[in-house]
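To start, the structure under review is shown below, and the notes come after it.
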Amino acid sequence: MIVDFHVHPGSLDPATGCYFSQALRDTLLFRLIFWKLGVRRDMPPAEADRKLQAVFRAQIDGAPGVDRFVLLALDGVYDSRGVYDERRTRLVVSNDFVLDLADSDKRFVHSISVHPYRPDALDELDS
């Protein structure tokens with residue numbers, strides 16, 4: 001069995017709990033990656049997310065011989081008091097988003113990401 005242990009899903013739809021900061025969106029690397037994927041800055045958000053999800057699925061479907069894909073979640077930044085720091089958070093791939101994707105395809109294996117300073121860290125691990 002061949003497993004890709006490093007797959008980064010994402011969504012431009014805030015309802016998924018995923019987040020790309022404006023600072024990240026403004027980087028040349030981000031703009032180049034999304035241009036390469038066919039996601040334009042002037043696309044309406046829903047259309048851009050549909051395109052991103054279609055490209056993601058096409059890449060998965062086009063990975064010859066790979067049996068499983070481990071989807072990586074990424075939590076936000078929290079300070080030592082447990083306060084979410086949006087200013088320092090550049091990217092979030094929510095656990096719920098990754099779990100939903102994993103439920104949608106038997107080839108997907110979920111991961112979770114829980115910042116240890118989150119006030120609800122243990123609850124997030126249990127859910």
Side-chain angles (χ1 to χ4, degrees):
M1 175 179 288
I2 297 175
V3 179
D4 183 337
F5 280 93
H6 198 115
V7 177
H8 289 283
S11 175
L12 298 169
D13 180 357
T16 64
C18 295
Y19 170 75
F20 293 93
S21 72
Q22 191 60 51
L24 179 61
R25 290 173 186 247
D26 289 341
T27 65
L28 180 59
L29 179 60
F30 184 93
R31 293 182 359 234
L32 284 172
I33 289 170
F34 274 63
W35 172 77
K36 177 79 171 149
L37 297 176
V39 178
R40 297 183 326 273
R41 290 180 79 137
D42 62 341
M43 282 180 163
E47 180 183 348
D49 195 60
R50 279 192 301 276
K51 176 69 174 174
L52 182 62
Q53 299 313 314
V55 169
F56 175 76
R57 291 291 181 159
Q59 290 177 335
I60 293 295
D61 292 341
V66 180
D67 302 299
R68 298 283 186 277
F69 301 86
V70 179
L71 307 177
L72 301 177
L74 180 65
D75 205 354
V77 176
Y78 290 79
D79 69 18
S80 61
R81 296 169 296 147
V83 176
Y84 177 69
D85 188 343
E86 184 174 346
R87 185 183 56 77
R88 291 181 41 221
T89 299
R90 294 178 59 113
L91 173 65
V92 173
V93 178
S94 74
N95 293 323
D96 289 340
F97 177 71
V98 169
L99 290 167
D100 288 345
L101 273 178
D103 286 344
S104 75
D105 191 317
K106 66 179 179 153
R107 298 173 297 172
F108 295 158
V109 178
H110 71 273
S111 72
I112 61 166
S113 177
V114 179
H115 194 290
Y117 288 158
R118 275 179 74 146
D120 64 341
L122 294 178
D123 292 334
E124 184 70 12
L125 286 171
D126 285 338
S127 61

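Atoms considered below: every heavy atom in the structure, side chains included; atoms not considered: hydrogens, waters and symmetry mates. Worth saying up front: this structure is predicted, and the values here are computed from it rather than measured. The first residue of the sequence shown is numbered 1, and numbering continues consecutively from there.
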For this session: Assess whether side-chain contact (heavy atoms from CB on, under 4.5 Å) is satisfied between Leu101 and His110, documenting all intermediate values.
Result: CA-CA 8 Å; Leu101 273 178; His110 71 273; over 6 Å; no
For this session: Check Leu71 against Ser111 and note the closest heavy-atom contact, atom names and distance.
Result: O-OG, 2.7 Å
Exercise. Parallel under 30°, tilted from 30 to 60°, perpendicular over 60°: which one fits the rings of Tyr78 and His115?
Worked result: tilted
Exercise. Hey, is the main chain of Gly10 close enough, under 3.5 Å, to the side chain of Gln53 for a donor-acceptor pair?
Worked result: yes
Exercise. Taking all atoms of both residues into account, what is the closest heavy-atom pair of Ala102 and Val109, and its distance?
Worked result: CB-C, 4.5 Å
Problem set entry | For the student: nearest non-hydrogen atoms of Tyr84 and Gly76, plus distance | CE1-CA, 4.0 Å
Exercise. So which heavy atom on Tyr19 is nearest to which on Thr89, and how close?
Worked result: CE2-O, 3.3 Å
Exercise. Going by heavy atoms in the side chains, are Arg90 and Thr27 under 4.5 Å from each other?
Worked result: yes
Problem set entry | same_hphob_cluster(Val55, Leu32) at 4.5 Å side-chain heavy-atom cutoff | no
Exercise. Should the heavy atoms of other residues, nucleotides or ligands under 6.0 Å from OH of Tyr117 be counted, would the total exceed 12?
Worked result: no
For this session: Give the minimum heavy-atom separation between Cys18 and Ser94, together with the two atoms involved.
Result: SG-N, 3.9 Å
For this session: Indicate yes or no: does Arg107 engage Asp61 in a salt bridge with an N to O separation below 4.0 Å.
Result: yes
For this session: Could you list the residues that satisfy salt bridge (charged side-chain N to carboxylate O under 4.0 Å, His left out) with Asp75, not counting sequence neighbours?
Result: Arg118
For this session: Would you confirm whether Asp4, through its side chain, and Phe69, through its main-chain N or O, come within 3.5 Å as a donor-acceptor pair?
Result: no
Exercise. Are any side-chain N or O atoms of Asp96 and backbone N or O atoms of Thr16, one a donor and one an acceptor, separated by less than 3.5 Å?
Worked result: no
Problem set entry | Pairwise side-chain contact, Ser11 with Leu52, heavy-atom cut-off 4.5 Å (strictly under) | no
For this session: Look at the side-chain heavy atoms of Ile, Leu, Val, Met, Phe, Trp and Tyr, link any pair under 4.5 Å apart, and say whether Leu37 and Val93 land in one connected group.
Result: yes
Problem set entry | Verdict with reasoning, Asp26 to Arg41, per salt bridge (charged side-chain N to carboxylate O under 4.0 Å, His left out) | CA-CA 10 Å; Asp26 289 341; Arg41 290 180 79 137; 3.2 Å; yes
For this session: Indicate if Ile33 and Trp35 have the same hydrophobic cluster label, given that clusters are the connected sets of ILVMFWY residues with side-chain heavy-atom separations under 4.5 angstrom.
Result: no
Seminar exercise, completed: For Arg57 and Ser104 the tightest heavy-atom approach is NH2-OG, 2.7 Å
Exercise. When hydrophobic residues are tied together by side-chain contacts of less than 4.5 Å, even through go-betweens, does Met1 share a cluster with Val70?
Worked result: yes
Exercise. Taking atom CG of Leu125 as the centre, does the number of heavy atoms from other residues, nucleotides or ligands within less than 6.0 Å exceed 12?
Worked result: yes
Exercise. Does any N or O in the side chain of Asp120 come within less than 3.5 Å of the main-chain N or O of Glu124, such that one atom is a donor and the other an acceptor?
Worked result: no
Seminar exercise, completed: Sorted by chain and number, sequence neighbours left out, salt bridge (charged side-chain N to carboxylate O under 4.0 Å, His left out) with Asp85 holds for Arg88
For this session: Quick one: do Phe34 and Leu12 satisfy side-chain contact (heavy atoms from CB on, under 4.5 Å)? Show the steps, please.
Result: CA-CA 11 Å; Phe34 274 63; Leu12 298 169; 3.8 Å; yes
For this session: Kindly indicate whether the side chain of Asn95, heavy atoms from C-beta on, has any atom under 4.5 Å from the side chain of Ser113.
Result: yes
Exercise. So, do Val7 and Phe56 sit near enough that their side-chain heavy atoms are less than 4.5 Å apart?
Worked result: yes
Exercise. Is there a path of hydrophobic side-chain contacts, each under 4.5 Å between heavy atoms of I, L, V, M, F, W or Y residues, that connects Leu74 with Phe20?
Worked result: yes
Exercise. Within the side chain of Asp67, is there an N or O that forms a donor-acceptor pair under 3.5 Å with the backbone of Val3?
Worked result: no
